Every structure is written in structure tokens, then in C-alpha cells.
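Nothing here was measured: the structure is a model prediction, and the numbers come from that model.
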Amino acid sequence: TLPVQSATYYISPTGSDSNPGTSEKPWLTFAYAIDSSRAWCGDTLLLKDGTYGDGTSTGKISIKSLSCTAGNEFTLRAENQRQAKINDNGTGFGVRIQNGAYIIVDGLYVRSTDNSSSSDGRPVSVSGSNHITIRNTVGRNPNRYVNGHIWDLLRSQDILMEDNEGYIFHRHCITAWESQRVVVRRQYCNPRDGAISGGVAAKHGLGRGDAVLSMYPCRDCILENAIADGTTAGIYLNEMNPTF
């Protein structure tokens, strides 16, 4: 069997899907770029500096049923750390991974916004997936009118989150819901403005957040070397729910 040949491709808010996906001629949309005939398992898709998602032509990052293998991971990485910014307008997900395996997200800046007319609005969601790595990423402002978090890890296994930062949230910075073997390390979370008037968490006190990591429940999970910054408002380091 011949070894899998990996490739590096590029995407940009000023690109075009008629381009070959090179650094000089990057693609435009995630829906076009992430495809079995283009950027796929074993490949790296580099995001050039700029703003993606709602309000642009790029679309947001939605990866469904992409099951890669160890040593043949699919990687989404900012060409320059945290200079690729993914916007969600409070109605969806900035980055969403469903039923995926061996996927790496590195160096992105992902933000949602408050939207009282929506039931969604989350920066990052991972569901039904395994062996997902999220590192060097900034997450900001899940929709504070709903029961949402910056990083939603739902019914997933073998998740590694490291060297990330989370800001402006009302519930949890990270929630690991009915998951297993989730490792969160070197995580910094600061709710800043925290819960807002009329928001879902207002009853717990305006201006605060809940926890850096909620294990809800999470089996064989680890939180290490994390900071819950309660400088402006209260926040717990860890919340444990042994049953659900």
C-alpha cells in the first residue's frame, strides 16, 4: 500500500473557489475547500489573515462525518496565530465538528454574539466525535441569551484542548457533556462582562460566569494548569456533575 501523500492548501476572505488553493491563489469558501477531492484527511488547510463567517462570503466552518486516522489527521490552522477570525452572528456555530475523528484546529479566533431572537450562537461545538485537538485558539462571546458555552464538547471522546483562551461568557468556558477522556490544559478563562440582563444566566448574578470546565458528566477527564480569572466577576475553576 502506498503511503498517503499530504498537502497544504490555503483559504482567504479575498480568495476564489476557481483558484487552485495555493498561497498565492487561495480558495474562498470552507464548503468548497473541505472536500474529499481537495483538503481532506492528511492535509492542512491554512487560513490567511482576515475575517471569515457571517458577514462575509466564506461561510463558517462546518465539518460533518470526516473520520480521519492517527498519523493522517486533517488540520485547520491559522497561517498567523489568531489572525484568522471566524464570526458567528448568534444564530449558529463559528466552528462545528460533528461525527468526526482525528481533526486538529490550531490558532483560530472564533466569536459569536448576543442574539435574543436565536436559540444558537456558539463559537465552537464538537459532537459525537473522537480524537479532536483544539489548541492556541481564542473563543469569545457565546450568545448570552441562551444556555451556551464557548466550547461545547458533546458526547465525544479523546479530546485535547490546550493553550486556549476564553472571554465574555455567562455559563461555562468549556463544557464536556456526557463525554470521556477529555484533557484540558493551560486554559485561561475570564468571563469579563459575564451574564447580561435578560440572559439565561442572569438569575445567578449579572456579570459573572460559571466555570472554566464543566464535567457534565465527564469520565476519565483531566483539568490541569488552568486559570479561572475572576478579576471582575466570580467564576469557578471546575464544576462536576457526577450523574446526568
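We find that Lys60 and Asp88 are joined by a salt bridge, their nearest charged nitrogen and carboxylate oxygen being less than 4.0 Å apart. In this structure, Asp210 pairs ionically with Arg171, as a charged nitrogen and a carboxylate oxygen lie closer than 4.0 Å.
Relative ring orientation between Phe30 and Tyr52 is described as tilted, the plane-to-plane angle lying within the 30° to 60° band.
Arg122 and Asn143 share no donor-acceptor pair across their side chains, judged by distance under 3.5 Å alone. Using modelled atom types and a 3.5 Å distance limit, the side chains of Ser23 and Lys48 yield a donor-acceptor pair. In this model, a donor atom of one side chain and an acceptor atom of the other lie less than 3.5 Å apart for Asn115 and Ser117. Asp17 and Thr29 share a donor-acceptor pair across their side chains, judged by distance under 3.5 Å alone. Under 3.5 Å, the side chains of Asn80 and Asp49 contain a donor-acceptor pair of N or O atoms.
Residues in residues 153-193 take part in these disulfide bond (SG atoms under 2.5 Å apart) pairs, two or more places apart or across chains: Cys173-Cys189.
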Review point. Going through the checks in order, is the side-chain contact (heavy atoms from CB on, under 4.5 Å) test met by Leu45 and Ile11?
Key: CA-CA 7 Å; Leu45 181 62; Ile11 188 170; 4.1 Å; yes

Worked check of side-chain contact (heavy atoms from CB on, under 4.5 Å) between Phe74 and Thr44
CA-CA 6 Å; Phe74 174 65; Thr44 298; over 6 Å; no

- prompt: Could you go step by step and tell me if Asp158 and Arg181 meet the salt bridge (Lys or Arg N to Asp or Glu O under 4.0 Å) rule?
  reply: CA-CA 5 Å; Asp158 301 296; Arg181 299 180 300 278; 2.7 Å; yes

* Please step through side-chain contact (heavy atoms from CB on, under 4.5 Å) for the pair Ile61 and Ile86, ending with a clear verdict. => CA-CA 8 Å; Ile61 299 173; Ile86 317 297; 4.1 Å; yes

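Residue-environment remark: CZ (Arg186) exceeds the threshold of 12 foreign heavy atoms within 6.0 Å.
Asn72 places no side-chain N or O within 3.5 Å of a backbone atom of Thr69 that could act as its donor or acceptor partner. A donor-acceptor pair is defined here as one N or O able to donate and one able to accept, closer than 3.5 Å; no such pair exists between the side chain of Ser37 and the backbone of Asp35. Panel note: side chain Gln187, backbone Arg185; no donor-acceptor pair is recorded below 3.5 Å.
Considering only residues two or more places apart in sequence or on other chains, Arg135 meets the side-chain contact (heavy atoms from CB on, under 4.5 Å) condition with Ile104, Asp106, Thr133, Leu160, Glu162. Partners of Phe93 by ring pair (Phe, Tyr, Trp, His ring centres under 6.0 Å), not counting sequence neighbours: none found. Contacts of Arg82 classified as salt bridge (Lys or Arg N to Asp or Glu O under 4.0 Å), with partners at least two apart in sequence or in another chain: Glu165.
Clustering of Ile, Leu, Val, Met, Phe, Trp and Tyr by side-chain heavy atoms under 4.5 Å joins Leu46 with Tyr10. Through side-chain heavy atoms spaced under 4.5 Å, either directly or across other Ile, Leu, Val, Met, Phe, Trp or Tyr residues, Tyr188 is tied to Tyr109, Val138, Tyr167, Ile168, Ile227.
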